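Keep in mind it's a predicted model, so treat the numbers as computed, not measured.
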Amino acid sequence: MDIKISPAESLRGDIRLPGDKSISHRYAILASLADGATRIRNYASGADCRSTLGVFQAMGVRVEEAPGEIVIHGPGLRGLHKPECALDAGNSGSTMRMLSGVLAAQPFSSTIAGDESLSRRPMDRIMKPLGEMGARIRGRDGRYPPLEIDGRPLRPIRYASPVASAQVKTCILLAGLFAEGATTVVEPTPTRDHTEIALREFGATVEVSGRSVSVQGPARLAGGEFTVPGDISSAAFFLVAASIVPGSRLLIEGVGLNPTRAALLDFLLSAGAGIRVSNMRQAHGEPVGDLVVETARIRGGAIERDTTAALIDEIPALAVLGALSEEGLSVHDARELRVKETDRIASIVTNLRRAGVEIEEREDGFSIPGRQRFRAARYDSFGDHRIAMAFAVAALAADGESVVENADAASVSFPEFFTTLERLRA
Ligand code: S3P
């Protein structure tokens, strides 16, 4: 579906975002391995987190849905049943990578597959450590989905991961729940720590020391009650939109502000953004706060090393901001963007050029000079939710009506994105 977007005069209003995608996946996974019921409020509404629920439902987990909440009836750590057909991870790399750690430890074999985009994403990053734990996994060409997993008892390992990936860390820790003893992951740079926090909330024994995380297996997880904070990666599009559309003011309530995710805020504030944080609180170990954002002159800057890893999902939105900033934006050490839902570096470069915006592409990032303008353009989402939303934001600041092709890709993480945007400019 193509969506037409005209330039905005101003954006004003209050927003509540769908639940954080990363946290929702983790609560659904742990609830499905726990004893007893878990009630989850504000579970992410996007297709990705639905895929995680669907995979567990296919293994016999009962999920009840009511407006604004779901209840997962956990059958216990050893309570999953062999699925009758291939498990479907859809577009969700998180579902496939994290759940492989669970599937590898089951007393049955299974196959997990994904859509065309996911089928092109590398899985060797989880196959290798799981193999060291004793898992048997076969992938297409040795590294791509679908994955055929022969479940069997696993042994604990200490794994120094060569990639900074929370999905890899989570996959290994989940496998470690089933192994006898301590399973440890050492990360090259810190990544989001929602798994560590959620594991503790569900009663697992987790130790964190510097860049190393250990979980003790076999674990016994207990269900509970959780509320998922708003997704800061979804907030990113509105923070950028309100920053660049003159006369804007938005209140975004209940956003997850975990320090391993809030690098976006640090960057925006250091670049001069008009953002205020208030009402900081904790929800199940996760920091949450309200944000007010107003239009401001943005300086721009450089994103590199650990910061790149910490705001990897927000780079499409920041690329749009960079072109309109005073000094421009350069992004380094972002090779991981090449293997996301699309090659995000290539899709950012293609779309910016369609709007007449100058950008220099590198293998590990790009540089965008500042003080540029967006011409009305036809953008392609390339089937990637974050590219669809980032260029919808670019369209708000253009000199005429733009089109985002395949805009429905946004529903992977934020089905309400376009209706929310319309409401704010009304
Ligand atoms: C995620 C980790 C990141 C991120 C993805 C969600 C997670 O991926 O890009 O959107 O929930 O753990 P990597 O682990 O591949 O860096």
Quiz prompt | Over 12 non-hydrogen atoms of neighbours within 6.0 angstrom of CZ in Arg143 | solution =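 Enclosed.
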
So, the side chain of [X] versus the backbone of [Y]: is there a donor-acceptor pair under 3.5 Å, distance only?
{"X": "Thr307", "Y": "Ile303", "value": "no"}
{"X": "Thr38", "Y": "Ala31", "value": "no"}
{"X": "Ser248", "Y": "Leu11", "value": "yes"}
{"X": "Ser117", "Y": "Glu341", "value": "yes"}
{"X": "Arg26", "Y": "Leu199", "value": "no"}
{"X": "Asp115", "Y": "Leu118", "value": "yes"}
{"X": "Arg140", "Y": "Pro145", "value": "yes"}
{"X": "Asp364", "Y": "Asp333", "value": "yes"}
{"X": "Arg125", "Y": "Pro162", "value": "no"}
{"X": "Asp290", "Y": "Gly254", "value": "yes"}

Quiz item: Under the criterion salt bridge (charged side-chain N to carboxylate O under 4.0 Å, His left out), which of Arg335, Arg120, Arg338 is the partner of Asp343?
Solution: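 The option that passes is Arg338.
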
Is the closest side-chain heavy-atom distance between [X] and [Y] below 4.5 Å?
{"X": "Ile149", "Y": "Gln106", "answer": "no"}
{"X": "Asn258", "Y": "Ile23", "answer": "no"}
{"X": "Thr308", "Y": "Glu336", "answer": "no"}
{"X": "Leu80", "Y": "Leu33", "answer": "yes"}

So, are [X] and [Y] salt-bridged, with charged N and O less than 4.0 Å apart?
{"X": "Asp384", "Y": "Arg344", "answer": "yes"}
{"X": "Arg41", "Y": "Glu225", "answer": "yes"}
{"X": "Glu148", "Y": "Arg138", "answer": "yes"}

Would you list the pairs meeting ring-ring contact (aromatic ring centres under 6.0 Å, His included) in which at least one residue belongs to [range], sequence neighbours left out?
{"range": "residues 272-313", "result": "Phe226-His284"}
{"range": "residues 298-320", "result": "none"}
{"range": "residues 286-319", "result": "none"}

Qualifying residues under side chain to side chain donor-acceptor pair (under 3.5 Å), relative to [X], sequence neighbours excluded:
{"X": "Thr184", "value": "Ser214"}
{"X": "Glu294", "value": "Arg249"}
{"X": "Arg425", "value": "Glu422"}

Quiz item: By side-chain contact (heavy atoms from CB on, under 4.5 Å), which residues pair with Asp399, not counting sequence neighbours?
Solution: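 Residues passing side-chain contact (heavy atoms from CB on, under 4.5 Å) with Asp399: Arg375, Ala376.
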
Exercise. Please list, chain by chain and in numerical order, all residues satisfying salt bridge (charged side-chain N to carboxylate O under 4.0 Å, His left out) with Asp14, sequence neighbours excluded.
Key: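 Asp14 satisfies salt bridge (charged side-chain N to carboxylate O under 4.0 Å, His left out) with no residue once adjacent residues are dropped.
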
Quiz item: Do any pairs count as a salt bridge (charged side-chain N to carboxylate O under 4.0 Å, His left out) and have a residue in residues 255-265, sequence neighbours left out, and if so which ones?
Solution: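 Sorted result for residues 255-265: Asp20-Arg261, Asp231-Arg261.
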
Self-check item: Arg200 vs Glu196, salt bridge (Lys or Arg N to Asp or Glu O under 4.0 Å): CA-CA, chis, key distance, verdict
Solution: CA-CA 6 Å; Arg200 284 199 178 116; Glu196 296 85 314; over 6 Å; no

Donor-acceptor pairs under 3.5 angstrom involving side-chain atoms of residues 312-320: please list them, not counting sequence neighbours.
{"residue": "Asp313", "atom": "OD2", "partner": "Arg192", "partner atom": "NH2", "Å": "3.1"}
{"residue": "Glu314", "atom": "OE2", "partner": "Ser233", "partner atom": "OG", "Å": "2.7"}

Quiz item: Passes salt bridge (Lys or Arg N to Asp or Glu O under 4.0 Å), Arg50 versus Glu65? Steps please.
Solution: CA-CA 12 Å; Arg50 198 123 288 285; Glu65 299 196 39; 2.8 Å; yes

Quiz item: In chain order, what residues pass the ring-ring contact (aromatic ring centres under 6.0 Å, His included) check against Tyr43, with sequence neighbours excluded?
Solution: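 Listed in chain order: nothing, the list is empty.
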
Practice problem: Name all residues meeting the ring-ring contact (aromatic ring centres under 6.0 Å, His included) criterion together with Phe178; count only those two or more places apart in sequence or in a different chain, and write none if there are none. | Solution: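 For Phe178 there are no ring-ring contact (aromatic ring centres under 6.0 Å, His included) partners, ignoring immediate neighbours.
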
